[in-house]
Amino acid sequence: MKPFYLTTAIDYVNGAPHLGHAYEKVLTDVIARFRRMMGDEVYFLTGVDEHGQKVQMAAQQLGIPPQQYVDETSAAFRALLPQLSISNDDFIRTTEPRHKSVVSRLLQQLFDKGEIYQAEYKGFYSTRQEQFLQEKDRQPDGTWPELFGDVTEITESNYFFKLAGYQAWLVDFLTTHEDFIFPRYRQKQVLEFLKDPLNDLCISRPRERLEWGIPLPFDPNYVTYVWFDALVNYYSAVADTGQWPADIHVIGKDILVPPHAVYWPIMLHALGLPLPKSLLVHGWWSVNGVKMSKSTGNFIVPADYTGEFGVDALRYFLIREMNVGQDSDFTRAQFLVRYNSELANNFGNLVNRTLNMTTRFGAGLIPAAGPAEDVEKELQALWDKTRTEVIPLCEGFQFHTALDRTFAFITATNAYIEKRAPWKLGKSTAEADQALLRMSLATMAEALRLGAALLQAVMPTTTEKINAVLGYTPGASWRDELVWGSRLAGKKVAEALVLFPRPQPADKAPAKP
RNA sequence: GCCAGAGUAGCUCAGUGGUAGAGCAGAGGACUCAUAAGCCUUUGGUCGCCGGUUCAAUCCCGGCCUCUGGCACCA
């Protein structure tokens, strides 16, 4: 069976990774892990885009070869993956031979089919910025902004891909495939965009202007520019393995129109290749209400948070806080609220008190439960409800709500413990009380195991740790693991585990004398 | 301007054609296994505005207002 194939966008390596890069990886990883848990075989691709003008210029300024430059900068992006517990199966760089050869092959194929032609391109060119300008770049008074320096109208010969001819086909495709893009309103945006006529797509740059790219196979005086390089990574990574088409391309909203929703489907269609099944378009993070920007320094470095609070805490926050497709704001205050009240107090503390009570009142062994009474039945009923709600929510990318429901179950488990008050039962020697004590210890441990299992896609390390302290090794089928049972009876638990230590408030004066 | 999304308790958000919900924050309480955590109770809202459909609308329809985002190459 063909694996479930999903991708992230590839990152352009002219800067350091920030929260936005991290989010896309985490989101895709959560989907990948969830699909694996659901029994799919998964192929998860991510990577970097290493060609282009900005890279060439940056390398030039440093006086080093571009390859050396991208070797260094892409290392930071690669290093981000283990730092975020990303379970990718492959990592592609657009400078790799496996990629370049596929790009070459596809270009030649289109050229042979007459889908690519050469033509004169006339436009306003900024020598200082080494780029063609658009009318919208003009200032209101008609002049060009200072940053472009001298602007001259020049004519340049380039290669073009016959994009415009496929416009009607694309409109028809999108109209008949309403679920191609998630969220749906994004698809409407694309159709809106397609109400205006498309131009053919310029796919080349003359070598004297841009050298750092993949040469056109039919004209070595040019390299291909951006889209026939970057987009093709999704295909080149699996061209020889029969895994195409992708099931999901996860991308940011900035690169939906036109590249992923217009260029890419048309490119594939022109090549006679199947289209990806869907595009998942996520929103952007702002920081303290302000758009993230490298120039203003308003951005979050993921390592700052994974270092201080742990990988799972950051993953949890990103997935809990953002409604996939919408934008969200990142503030340290909001992060701390979720970390303290949800992860540390509610969840982490439940783990610790469960271990402690099992150790103190059950000699460290999880007992077998007797027949469930009403209090237990109530919790088990909530569990069944939670489980049956969470899976469809995850299938529909509503991870934030899925986490909300899961944590409601965790809260209910804390409440259950209060009802049974094992610390009181532990002081009684009456057999009825002892039976209830065994039942309550077994129930809280089982609830914890189940809650942790439901969090596995988002917080894999945490789930693993909890299973470990419960002395438990889960079976192969995740869905079977979600059934309330007595798997834990007789397991030896660890004495304590503090998963999410409360941070020391930095603004508080050092305590008592 | 065009298009889209959002407007529900102080904050962040769920939600349904039939007298409004959660979490956090605030207040009070009982307890003590636990990361001074957890639990219970509680204060708090004309569900953006104006019309319409309906026995009944926060939820359906129309209009308006406000905020955010997109409109050809920054996740």
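Chain letters run A, B, ... following the sequence lines, proteins first and then strands; every chain starts at 1. Note that the structure is predicted; figures quoted are calculated from it, not measured.
- Between A/Trp285 and A/Lys188, it is A/Lys188 whose nearest contact on RNA chain B lies nearer the 5' terminus.
- For B/rU53 and B/rG10, the P atoms lie 33 Å apart once the distance is rounded to whole Å.
- Within the 4.0 Å cut-off from OP1 or OP2 of B/rA6, not a single side-chain nitrogen or oxygen of A/Asn323 is found.
- Across all strands shown, B/rU53 forms no Watson-Crick or G-U wobble pair with both distances under 3.5 Å.
- Closest to the side chain of A/Asp254, out of B/rC74, B/rG70, B/rU12, is B/rC74.
- Both distances falling under 3.5 Å, in either a Watson-Crick or a G-U wobble arrangement, place B/rG5 opposite B/rC67.
- Under the Watson-Crick and G-U wobble criteria, each requiring two contacts below 3.5 Å, nucleotide B/rG23 is paired to B/rC11.
- Summarising the base pairing, B/rA72 is matched to no nucleotide, lacking a Watson-Crick or G-U wobble pair whose two defining distances lie under 3.5 Å.
- Nearest-nucleotide positions on RNA chain B for A/Asn352 and A/Ala412 put A/Asn352 closer to the 5' end.
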| task | Go through the steps to decide whether A/Tyr234 and A/His260 satisfy the test ring-ring contact (aromatic ring centres under 6.0 Å, His included), and finish with yes or no. | result | CA-CA 11 Å; A/Tyr234 303 131; A/His260 283 80; 5.6 Å; yes
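- The residue from A/Phe407, A/Phe347, A/Phe500 that alone fulfils the ring pair (Phe, Tyr, Trp, His ring centres under 6.0 Å) condition with A/Tyr316 is A/Phe407.
- Below the 3.5 angstrom threshold, one finds a donor paired with an acceptor across the side chain of A/Glu418 and the base of B/rG38.
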| request: Go through A/Tyr263 and A/Tyr166 one step at a time and tell me if the ring-ring contact (aromatic ring centres under 6.0 Å, His included) criterion holds. | output: CA-CA 10 Å; A/Tyr263 301 161; A/Tyr166 291 99; over 10 Å; no
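- Picking from B/rA34, B/rG38, B/rG70 the nucleotide with the shortest atom distance to the side chain of A/Asn414 gives B/rG38.
- Contact annotation for A/Lys419: no contact, since no heavy-atom pair falls under 4.0 Å across all strands.
- Separation of the P atoms belonging to B/rU16 and B/rA6 is 14 Å when rounded to the nearest angstrom.
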| field | Check against ring-ring contact (aromatic ring centres under 6.0 Å, His included), A/Phe361 and A/Trp423 | value | CA-CA 8 Å; A/Phe361 307 122; A/Trp423 49 92; 8.0 Å; no
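- Heavy atoms of A/Tyr263 sit under 4.0 angstrom from at least one base atom.
- Closest approach to the A/Lys427 side chain among B/rU35, B/rC33, B/rG38 is made by B/rC33 (side chain taken as heavy atoms from C-beta onward).
- Distances from the side chain of A/Gln326 to the nucleotides B/rC74, B/rA6, B/rC24 place B/rA6 closest.
- Heavy atoms of A/Leu499 sit under 4.0 angstrom from at least one base atom.
- Side-chain N/O atoms of A/Asn349 and base N/O atoms of B/rA34 include a donor-acceptor pair closer than 3.5 Å.
- A side-chain N or O of A/Glu376 and one of A/Tyr416 form a donor-acceptor pair less than 3.5 Å apart.
- Using a 4.0 Å heavy-atom cutoff across all strands shown, A/Lys195 reaches no nucleic acid atom at all.
- Comparing the C1' positions of B/rA14 and B/rC2 gives a spacing of 32 Å, expressed to the nearest Å.
- Taking atom P on both nucleotides, B/rU58 is separated from B/rU41 by 28 Å, rounded to a whole Å.
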| request: Output, in order, the C-alpha distance, side-chain angles, deciding distance and verdict of ring-ring contact (aromatic ring centres under 6.0 Å, His included) for A/Phe77 and A/Phe91. | output: CA-CA 10 Å; A/Phe77 284 88; A/Phe91 184 89; 8.9 Å; no
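- Checked against B/rA4, B/rU68, B/rC31, the side chain of A/Trp423 finds its nearest nucleotide in B/rC31.
- When both pairing distances are held under 3.5 Å, B/rG17 makes no Watson-Crick or G-U pair with any nucleotide shown.
- Within 4.0 Å of A/Ala415, counting heavy atoms only, lie sugar-phosphate atoms of the nucleic acid but no base atom.
- Of the N and O atoms on the side chains of A/Ser286 and A/Asp329, at least one donor lies less than 3.5 Å from an acceptor on the other residue.
- Taking atom P on both nucleotides, B/rU46 is separated from B/rC11 by 13 Å, rounded to a whole Å.
- For A/Asn345 and B/rU35, the shortest distance from a side-chain N or O to OP1 or OP2 is not below 4.0 Å.
- Contact check, A/Arg360 against B/rA34: a side-chain N or O comes under 4.0 Å of OP1 or OP2.
- Residue contacts shown for A/Thr411 are limited to sugar-phosphate atoms, with no base heavy atom under 4.0 Å away.
- Using a 4.0 Å heavy-atom criterion, one finds that A/Asp11 contacts the sugar-phosphate atoms exclusively.
- Regarding A/Tyr416, its OH atom lies at a distance of 18 Å from the P atom of B/rA34, rounded to whole Å.
- A ring pair (Phe, Tyr, Trp, His ring centres under 6.0 Å) with A/Phe317 is found for exactly one of A/Phe330, A/Tyr23, A/Phe309, namely A/Phe330.
- If you check every strand for non-hydrogen atoms under 4.0 Å, A/Gly20 touches a base.
- Between B/rU43 and B/rG29, the distance separating the two P atoms is 16 Å to the nearest Å.
- With B/rC3, B/rA34, B/rA14 as the candidates, the nucleotide lying closest to the side chain of A/His400 is B/rA14.
- Here, B/rA22 and B/rU42 have their C1' atoms 15 Å apart, quoted to the whole Å.
- Among the protein residues, A/Arg405 comes within range of the sugar-phosphate backbone only, with heavy atoms under 4.0 Å from sugar or phosphate atoms but none that close to a base.
- Put simply, the side chain of A/Asp404 reaches to within 4.5 Å of the side chain of A/Arg320, judged on heavy atoms.
- The residue A/Tyr185 sits close only to the backbone: its heavy atoms come under 4.0 Å of sugar-phosphate atoms, none of a base.
- Phosphate proximity of B/rA37 to A/Arg502: present, with a side-chain N or O under 4.0 Å from OP1 or OP2.
- The listed nucleotides are B/rU12, B/rC73, B/rA72; the one nearest the side chain of A/Asn199 is B/rA72.
- For A/Arg353, whose side chain is taken as the heavy atoms from C-beta onward, the closest listed nucleotide among B/rC73, B/rG38, B/rC24 is B/rG38.
- Within the shown strands, nothing qualifies as a pairing partner of B/rC31 under the Watson-Crick or G-U definition with both distances less than 3.5 Å.
- Among the nucleotides B/rA34, B/rG69, B/rC31, the one closest to the side chain of A/Lys424 is B/rC31.
- Spacing between B/rG38 and B/rC24 at atom C1', rounded to whole Å, works out to 16 Å.
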